[in-house]
> 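Before we start, here is the structure in question, set down as structure tokens.
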Amino acid sequence: MPERDELIGFQQRVLDALKGPLDKTPHFAEHGEWVDVRIDAYSGWADDFYDHGNWTAGFWAGMLLELEHLGAESQRDLAEAITRKLAARADDGGTHDLGFMFRPSACALFDETGSSEWRDIGLRSAAALAARFRPAGGYLQAFGTLDDPRSMGTSTVDTMMNLPLLLWAWKVTGDDRYRDIAVSHADATARDIVRPDGSTFHLITHDTAGAVSWAGTYQGAADASCWTRGQAWAIHGFVTMALETGEQRFADVAAKVLGYYVAHHDVTALPPYDLLADTGHVDASAGAIVLSGLAEALADPALATQLDAEVRIPMIRRALDEGALFADPVGLIGRSVYSLPHQLGVDGPLPYGDYYYLRALRLLSPETSIS
Ligand code: GLY
């Protein structure tokens, strides 16, 4: 667990990373330096390459809010400024990443302030995500606009952690449609993306009738392998679905994918980049995501027991603290990888590794302040 002055030191790193006119935010890091992407960079196709755009800016707002809860000085104005810039993309019809962008930013700001400004941005983004629902197959389309044949029918394991945006909108509006879409997508993921042994595909495609037409990976080592961060998104996503809906079947899937995760590496060390391939790289961000999911599960004693959370949390936290904390000149949790096949952000920190680690610390801290 970092000391309070270490977190304050990290907050200074965040402020340094966000210096300037705030038209871009760091997306990943390489060779000890952040690589920035414009906040308003939409995802989309450039010839045959699908560019994910800036899907990470919201984590920077979220980090500032989490740091405040952990006892660092409030930087609420900066979190709000990032979210206002990001609001231009609340209606983005080309990506499933809306939950990553807006749940830690606009929705968190609404939860803290009750302001309609943040409620409206959060609900616009939830509506745009819900619009990606494909009734044939019962899943949310991951990439691209709904009418683009190049990415029509795509679904990824990552989408599980975009569902919290829909669950938030359900709670805020009382509109059960948001819940029903999240439940349908989670059921489709459990059926089509989680393999019988509890490992996961990263990316699948569907035909127009909703049947799975291909299953493999985009960021993992191989189509038949198990990309560790994808597994982590599944673990956290099913934990959140179990907690928010009370459905036991989601707790059972969470236990199954977590069981695979802990059985395929030594959890007292940093997780490998891929659970089924020896790439020589670790991905600490996956550990931070799992830590956040297990910390969240503590809210439900039965779920925490099913996941053996009390035993696993200290092991995973120690591995992160000893192996990745402040491992780079920038960021908080180093030794992560954005995408090995694309040779992007290899062996550096990632905004979401840092965000989910801070979120876990806040959930695990008895007074939500370590000061
Ligand atoms: N595409 C989401 C991730 O890199 O985890």
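The model shown is predicted, which means the values in this text are computed figures rather than measured ones. Just so you know, ligand 1 is whichever comes first in the structure, and atom 1 is the first atom listed for that ligand. For reference, positions follow the sequence shown, starting with 1.
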> Heavy-atom cut-off of under 4.0 Å around ligand 1: list whichever protein residues fall inside it, by chain and number.
Trp55, Asp158, Gln219, Trp227, Arg229, Trp233, Tyr338, Tyr352
> Quick one: which residue pairs count as a ring-ring contact (aromatic ring centres under 6.0 Å, His included) with a foot in residues 70-104, not counting sequence neighbours?
Trp55-Phe100, Phe59-Phe100, His96-Phe143, Phe100-Trp233
> Are the side chain of Arg312 and the backbone of Leu307 linked by a donor-acceptor contact shorter than 3.5 Å?
yes
> Would Arg249 and Asp187 pass as an ion pair if we require N to O under 4.0 Å?
yes
> Can you check whether Ser43's main-chain N or O pairs, donor with acceptor, with His52's side chain at less than 3.5 Å?
no
> Sequence neighbours left out, what pairs pass salt bridge (Lys or Arg N to Asp or Glu O under 4.0 Å) with at least one residue falling in residues 331-341?
none
> Using the test ring-ring contact (aromatic ring centres under 6.0 Å, His included), find all partners of Phe326 that sit at least two apart in sequence or belong to another chain.
none
